Every structure is written in C-alpha cells, then in structure tokens.
Amino acid sequence: MLKKLIEPNKIQNKQIRLVYSIVLIVCSSLLQTFVIQTFMNPCNLLSSGFTGLALLINKISQLFGMNLSTSFLILALNVPCALFCAKRISKRFTLLSCIQFSCTSLFLTIFNFQPVFDDLLLNIIFGGFLYGLVTVIALRTDGSTGGTDFIALFISDLLHKSIWNYVFLFNMTLIIIFGAMFGWKYAGYSILFQFISTKTIDNFFNRYAQVLIEVTTTNSEVVAKKYQEAFRHGMSIIEAQGAYGHQTVHLCKTVVSTYEAQEAVRIILKADPNALIYTHKIDNFYGKFYRRPIE
C-alpha cells in the first residue's frame with residue numbers, strides 16, 4: 001500500500017507527476033522535521049547524513065562559545081553537492097532534492113513538534129523507522145534528502161548496486177565523533193537508530209534489485225511484442241511441450257528491476273490471460289542491463 005502511494009513515476013503526464021513529486025518531497029521534509037523534534041532531540045540522538053553533520057557542527061561550535069545555526073549549516077553543506085549533482089545527474093533530481101533540504105531547514109525553524117513517547121527505546125525504534133521512510137519517499141520521487149543521498153544515488157547508478165551500507169558507515173563515523181565529545185551512551189543509541197533507518201531504506205527502496213520472470217504461454221509472439229513495447233529489456237523464448245496436454249508451449253524469460261516487476265506481470269497477463277508466470281528474485285546479474293535513468 002505504501003509503495004503505491006509513493007510511486008509518482010507511474011503518472012504519465014510529466015507536469016502532474018512533477019507536482020505530485022514536489023508534494024511528496026515537501027511531505028518528506030515535514031516528516032523529517034517531525035522525527036528530529038519528536039523522537040531525536042528529546043533523546044539526544046544524532047541524525048544521519050549532512051543533517052547529522054550539521055547538528056554535530058552546531059554542538060561542537062557551542063563548546064567554543066559560538067552557535068552556528070543548524071538550518072544554515074544544512075544549506076551550506078548541501079548546496080555544493082547540489083551543484084555537483086546538477087551537472088552529472090539531472091536538473092529534476094537536483095530541483096526536488098533542493099526543495100527537500102531547503103524545506104527541512106525552514107521547517108526546523110518554524111515548527112516545534114512535541115515528544116510522543118517517554119520511553120527511550122520506543123523513540124529509537126519508531127524514530128529510526130520513520131526517518132528511513134523520509135529517505136524512501138524522497139528517493140521514490142527521483143529526488144533525495146540531499147547530502148549523502150546525492151552521493152549514494154550517484155555512485156549507485158554508476159556501480160549498479162546499493163551502497164547504503166557504506167552510507168551507514170559514514171553515519172557511524174559521525175556518531176563515533178559525537179560519542180567521543182558528548183558521551184558514548186547516546187552515541188550507542190544513535191547507532192541503533194541509524195541501523196533501523198538504513199534497514200528501512202534497504203527494504204522499501206529496491207531500485208538495484210532484480211527479478212527473473214518466466215512465462216509459460218502458447219502466444220509468445222504477442223507476449224513478447226507487448227512486453228518490449230513497454231520495457232527496454234530483452235526476452236528469451238524457448239520452445240517446450242506441456243506434459244499434461246502434450247501441446248507446444250513457449251517459455252519466455254526476462255529480467256527486470258523489482259520496481260518494474262508488477263507492471264511487467266500486468267502487461268503479460270493482458271497480452272495472454274492464460275499465461276502462467278513465475279517470478280524469482282536473483283542474487284546477481286552479469287551482462288548489459290538497462291536501468292531507467294534518474295530523470
């Protein structure tokens with residue numbers, strides 16, 4: 001249900017899709033502000049990415065009698081990444097990402113959400129899950145929350161694999177510095193918080209996972225034609241014989257990204273309602289594979 005609500009790429013009209021994406025991006029900013037003020041600040045937890053770096057710099061500056069604004073630091077850290085990303089990925093991606101971290105910077109200034117739970121563990125669990133959803137919502141619009149999301153998505157598209165575990169290591173490095181300067185107890189809680197957040201992203205954002213689709217059909221030409229009209233993937237067709245009726249059938253095999261699988265099955269069944277379809281997640285894929293670029 002959640003995935004259907006945050007799939008703007010299925011909307012055909014580009015203008016409507018952009019408006020829908022902007023609405024989702026603003027919602028992710030509002031949710032991020034809510035999590036920081038409701039779950040993280042009361043427990044003295046450090047957030048992830050450049051937002052966490054901004055909070056850490058703010059805390060360190062206070063030790064030296066200064067008070068560098070967290071909202072200002074979020075913008076100062078993210079803008080250079082945005083300029084770098086604009087030249088190498090896309091203007092749309094950069095626009096949505098800039099809206100996200102700019103709104104977060106603004107919302108942290110104008111909103112003041114109050115804590116929901118008194119229990120530390122509940123704050124860590126629910127806060128970590130919701131903070132992960134913040135990133136998922138932004139990424140599904142083909143935007144990001146800025147900072148490490150810029151870098152992670154850029155490198156992931158180059159390598160065709162997820163690097164969120166490396167993002168977690170970056171966040172843990174920030175937490176270690178935080179622990180050394182401000183206490184290990186809350187640094188440990190922050191590591192648990194970030195672990196839950198990272199696993200949430202891995203579970204809900206599967207751009208780099210792939211699925212094998214195997215179709216048994218007596219109408220392979222129509223199935224292959226309709227499939228290739230919708231996707232830029234190849235399809236292998238093997239002639240076979242049904243063991244029950246001894247009729248000639250064809251096995252059609254193709255590999256798609258997980259976010260394409262549901263739509264691929266729908267198109268195949270529309271082309272041949274009597275087709276038998278088997279799907280299986282694959283661990284590795286070697287060879288050329290088309291992945292829709294970030295627009």
Side-chain angles (χ1 to χ4, degrees), residues 1-8 19-59 69-75 77-78 96-150 152 164 167-168 171 174-175 178 186-187 189-205:
M1 181 65 181
L2 176 65
K3 291 183 179 180
K4 291 182 179 179
L5 289 174
I6 53 176
E7 285 288 4
V19 171
Y20 185 53
S21 295
I22 291 174
V23 171
L24 287 177
I25 278 286
V26 174
C27 288
S28 76
S29 297
L30 186 60
L31 179 59
Q32 185 177 19
T33 303
F34 175 76
V35 173
I36 291 173
Q37 295 182 345
T38 302
F39 297 102
M40 298 179 63
N41 287 346
C43 300
N44 196 27
L45 300 174
L46 195 69
S47 60
S48 62
F50 279 18
T51 302
L53 182 57
L55 288 169
L56 181 59
I57 294 173
N58 172 263
K59 291 178 182 293
S69 168
T70 301
S71 296
F72 167 76
L73 288 169
I74 288 174
L75 294 176
L77 292 170
N78 279 286
L96 292 172
S97 301
C98 287
I99 291 173
Q100 206 285 340
F101 67 72
S102 297
C103 285
T104 300
S105 177
L106 176 63
F107 292 162
L108 284 171
T109 303
I110 64 176
F111 288 111
N112 184 27
F113 295 110
Q114 298 302 310
V116 175
F117 303 117
D118 293 327
D119 185 78
L120 177 62
L121 188 59
L122 286 177
N123 280 321
I124 292 172
I125 293 173
F126 281 93
F129 174 73
L130 290 175
Y131 203 86
L133 286 185
V134 168
T135 302
V136 170
I137 293 171
L139 292 176
R140 283 190 173 274
T141 65
D142 277 346
S144 77
T145 57
T148 53
D149 292 337
F150 276 121
W164 292 112
V167 173
F168 175 67
N171 294 328
L174 293 182
I175 292 169
F178 172 65
Y186 292 104
Y189 290 143
S190 295
I191 290 175
L192 179 58
F193 175 91
Q194 295 301 334
F195 180 79
I196 295 171
S197 175
T198 302
K199 287 303 177 183
T200 300
I201 297 169
D202 266 336
N203 288 332
F204 283 91
F205 185 69

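All values derive from a computational prediction rather than experimental measurement. Values reported hereafter were calculated over all heavy atoms of this structure, with side chains retained and with hydrogens, waters and symmetry mates removed.
Residues meeting the side-chain hydrogen bond (donor to acceptor under 3.5 Å, both in side chains) test with K199, sequence neighbours left out: none. With sequence neighbours left out, the ring pair (Phe, Tyr, Trp, His ring centres under 6.0 Å) criterion links F39 to F34. Residues satisfying the side-chain hydrogen bond (donor to acceptor under 3.5 Å, both in side chains) criterion with S28, sequence neighbours excluded, are Q100. Under the ring pair (Phe, Tyr, Trp, His ring centres under 6.0 Å) criterion, F72 pairs with no residue, sequence neighbours left out. Qualifying side chain to side chain contact (heavy atoms under 4.5 Å, CB included) partners for I191, counting only residues two or more places apart in sequence or in other chains: F168, M172, I175. Remark: C98 engages A82, T94, F101 in a side chain to side chain contact (heavy atoms under 4.5 Å, CB included) (not counting sequence neighbours). Taking N41 as the reference, nothing meets the side-chain hydrogen bond (donor to acceptor under 3.5 Å, both in side chains) condition, with sequence neighbours excluded.
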Would you mind writing out the side-chain donor-acceptor pairs for residues 124-133 within the sub-3.5 Å range, not counting sequence neighbours?
unit_1: Y131; atom_1: OH; unit_2: Q32; atom_2: NE2; d: 3.0

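Put simply, the side chain of N44 never gets that close to the backbone of M40: no donor and acceptor are under 3.5 Å apart. Between the S102 side chain and the I99 main chain, no donor and acceptor come within less than 3.5 Å of each other. No side-chain donor-acceptor contact under 3.5 Å links S197 to the backbone of F193.
Among all heavy-atom pairs drawn from I137 and L31, the shortest one is CD1-CD2, 4.4 Å. When all heavy atoms of L121 and D119 are compared, the pair lying nearest together is N-OD2, 3.1 Å. Residue L55 comes nearest to S47 through the heavy atom pair CD1-OG, 3.2 Å, listed as atom of the first residue, atom of the second, then distance.
Taking 4.5 Å as the limit, every side-chain heavy atom of V134 sits out of range of all side-chain heavy atoms of T104. Under the 4.5 Å side-chain criterion, counting only non-hydrogen atoms from C-beta, F178 is in contact with S190. Put simply, the side chain of S144 reaches to within 4.5 Å of the side chain of L139, judged on heavy atoms. Q194 is not listed as a side-chain neighbour of L46, based on a closest heavy-atom distance of 4.5 Å or more.
Within a 6.0 Å radius of CZ in F195, no more than 12 heavy atoms belonging to other residues, nucleotides or ligands are found. Counting heavy atoms of neighbouring residues, nucleotides and ligands inside a 6.0 Å radius, atom OH of Y186 does not exceed 12 of them.
Atom OG1 of residue T141 and atom CG of residue L24 lie 6.5 Å apart, to the nearest 0.5 angstrom. Taking CG of N78 as the start and OG1 of T51 as the end, the distance is 6.5 Å to the nearest 0.5 Å.
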Next on the checklist: Would L45 and N123 count as a side chain to side chain contact (heavy atoms under 4.5 Å, CB included) here? Give the steps.
Outcome noted: CA-CA 10 Å; L45 300 174; N123 280 321; 5.5 Å; no
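Test N58, I74, L77 against L53 for side-chain contact (heavy atoms from CB on, under 4.5 Å) and you get one pass: L77.
For residues 105-118, the pairs satisfying side-chain hydrogen bond (donor to acceptor under 3.5 Å, both in side chains) are S71-T109, with sequence neighbours left out.
Using the six-membered ring where Trp is involved, F111 and F113 have ring planes that are parallel, under 30° apart on the 30 and 60° scheme.
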